Amino acid sequence: MSPKALKSISIAATSAAMAFSLSGCSAGDTSAETPARAADTSPPDSAVLRGQTLALTCSGCHGGSGDAIPDYQDLDRATLEARLLAYKTDADGTTVMHRLMRGYDEADIASVATYLTAPEEG
Amino acid sequence: MNWSPKRRDVLAGLAGLAGLAGTAALPLLASPAIAQAQTNIVIVGGGFGGAAAARFVKTYLPNASVTLIEPQARYTACPFSNLVIAGLRSLEAQQFGYEGLKAIGIKVIGDRAEDVDAAGRTVTLGSGDVLSYDKLILSPGIDIRWGALEGYDEAAASIMPHAWKAGPQTSLLRQQLEAMPDGGTVIMSVPTAPYRCPPGPYERASLIAHYLRTQKPASKLIVLDAKDEFSKQPLFLEAWAEHYPDHLEWIGASDFGRVISVDSAAMTLSTDFDTYKADVANVIPPQKAGEIAVRAGVADQTGWCPINPVDFSSTLQPDIYVIGDATIAAPMPKSAFSANLQAKLCALQIARELKGEKPAPTILANTCYSYVTPDAAVSITGVYSNDGGRLSSVEGSGGLSPAGPAPGVRAAEAAEAEAWFEQITQQTFG
């Protein structure tokens, strides 16, 4: 499977990396490794999870070759987030992306932009 | 039991983590003998739902045993098959094998699932073999309700093709159109909802009308519809008025368009007031969830499958999930996009459950393109929340392509449609 294809299915890698960095930040505090902590949807984890689940929708169209549907792989987070927000707020827009983005709130858009532009794992 | 993200697991390899966690989450871990057992995930149906489900389950749970049951060696995709009927695309371009799934370690069994024992968690195959599962994902698509339309049985379908499952039926309808002399009448019958691909009949009507206009200009298509309203209606009506005023006539339910019986020997279709004689008849019949759904006890009295839209678990049987056209997921339509997304979310939630994690909150969406000419397409989109176990459209989102668009808009959506087909088939079949 191509790296791009993997991008949409790297849940375990991303959430594991997140958990690792969290535990790294809290040296001496073992609470981050308790089962309760892992099952918890604490803010950093839930934002990653949110981005990841939303990205499963994106990959139904994006990720292939060709110009008609652009890929997001080479964009940075801020650029992608700004583009998605522009679709949401442009009241006159009629493309598929305008119509879709109106269904998501700003936090969703931030989460998915962060997830899709995070460095590839593995 | 919850999954604990031990640092050694992270260091041992990110890719393997999901599988380790999945196995570790099983309550039977205490028994050394049973700890060796793999989690068995069985998927029935190798279309846009089932193939994607197999692929994503295997990716999320690499150590699980993932088995796909599908009788056909190659899948024939329905999206874009209306182009085949109009002579604009080959059937081969619609066909996808399972080599990509086998390459990532999925077992593909070329057989039919004949029965499911939900209590015993087993699937019986056509060969008589019995497979055990921990989780079963059914993606059976649709079956025809034979006899629900008077006169329309399997024998009639060989004369009046439905072409609503892509494959030989698609080729048959194409051949009949090609063989029809100019000056002929093509009649299409369209059922009430729900059925697979709500805008599909109208895309097909558009492309058949294109074929008639360009190849057999003295011929005509009459669409007899059991409904007055249909998906993307204003956009189709606009395109038909512009492109096919002399080649396509649509008759809705209020004008007695509902077909109540067909006679395949006489090649006639009857409504309450008229009998229409066809040279070519395309009967899109009433439908239901694929037969295995009934055997598994996951279909209700409607013939379709109620699900929890968070993880697509059946509301009728434990440890069975249903995705794709077979589900009751309105307002999410029965589309390839829906099936593929439902598959991915279902796989994610199963992996989370096996790791002892709560289901992830989700938002769902759909996008469907329909061709109105070979170079022009229109689209419908939707975004769906699933709060309280029910899918509902997010207010202010979704909707249709613009009516009376600027030059280039329809052509741009036709190009998007092509790019979408390439991406979703690549992601589903590899």
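Quantities reported herein were computed from a predicted structural model and do not represent experimental measurements. Chain identifiers are assigned alphabetically (A, B, ...) following the order of the sequence lines, protein sequences preceding nucleic acid strands; residue numbering begins at 1 within each chain. FYI, side chains are in, hydrogens and waters are out, and symmetry mates aren't considered; it's all heavy atoms of this structure.
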Quiz item: Relative to chain B, which segment of A:H98 carries a heavy atom at a distance below 4.5 Å: side chain, backbone, both, or neither?
Solution: neither

What side-chain donor-acceptor pairs closer than 3.5 Å can you find for residues 369-376 of chain B, not counting sequence neighbours?
from   : atom 1 : to     : atom 2 : distance (Å)
B:Y369 : OH     : B:E416 : OE1    : 2.7
B:S370 : OG     : B:K232 : NZ     : 2.6
B:T373 : OG1    : B:D375 : N      : 3.1
B:T373 : OG1    : B:A376 : N      : 3.2

Practice problem: Take B:E413 and A:V96 through the test side chain to side chain contact (heavy atoms under 4.5 Å, CB included) and record every step on the way to the result. | Solution: CA-CA 9 Å; B:E413 291 210 331; A:V96 164; 3.8 Å; yes

Quiz item: What do the steps show when you test A:L49 against B:E357 for side chain to side chain contact (heavy atoms under 4.5 Å, CB included), and what is the final call?
Solution: CA-CA 12 Å; A:L49 185 61; B:E357 295 168 343; over 6 Å; no

Quiz prompt | Choice from B:A365, B:A415, B:G398 maximising heavy atom contacts with chain A below 4.5 Å | solution = B:G398

Quiz item: For chain A, which of B:L345, B:N340, B:L364 has the most heavy-atom pairs under 4.5 Å?
Solution: B:L345

Quiz item: Is it the backbone or the side chain of B:A412 that comes under 4.5 Å from a heavy atom of chain A, or both, or neither?
Solution: neither

Quiz item: Is there a donor-acceptor pair closer than 3.5 Å between any side-chain N or O of A:R102 and the backbone N or O of B:G396?
Solution: no

Quiz item: Where on B:E418 is there a heavy atom nearer than 4.5 Å to chain A: the side chain, the backbone, both, or neither?
Solution: neither

Self-check item: Distance in Å, A:T53 OG1 paired with B:Q349 CD, rounded so as to fall on 0.5 Å steps
Solution: 8.0 Å

Quiz prompt | Worked check of side chain to side chain contact (heavy atoms under 4.5 Å, CB included) between B:I363 and A:R50 | solution = CA-CA 9 Å; B:I363 293 182; A:R50 188 64 166 174; 3.3 Å; yes

Exercise. To the nearest 0.5 Å, tell me how far A:M97 CE sits from B:T381 OG1.
Key: 10.0 Å

Quiz prompt | Under 4.5 Å from any heavy atom of chain B - which part of A:L100 | solution = both

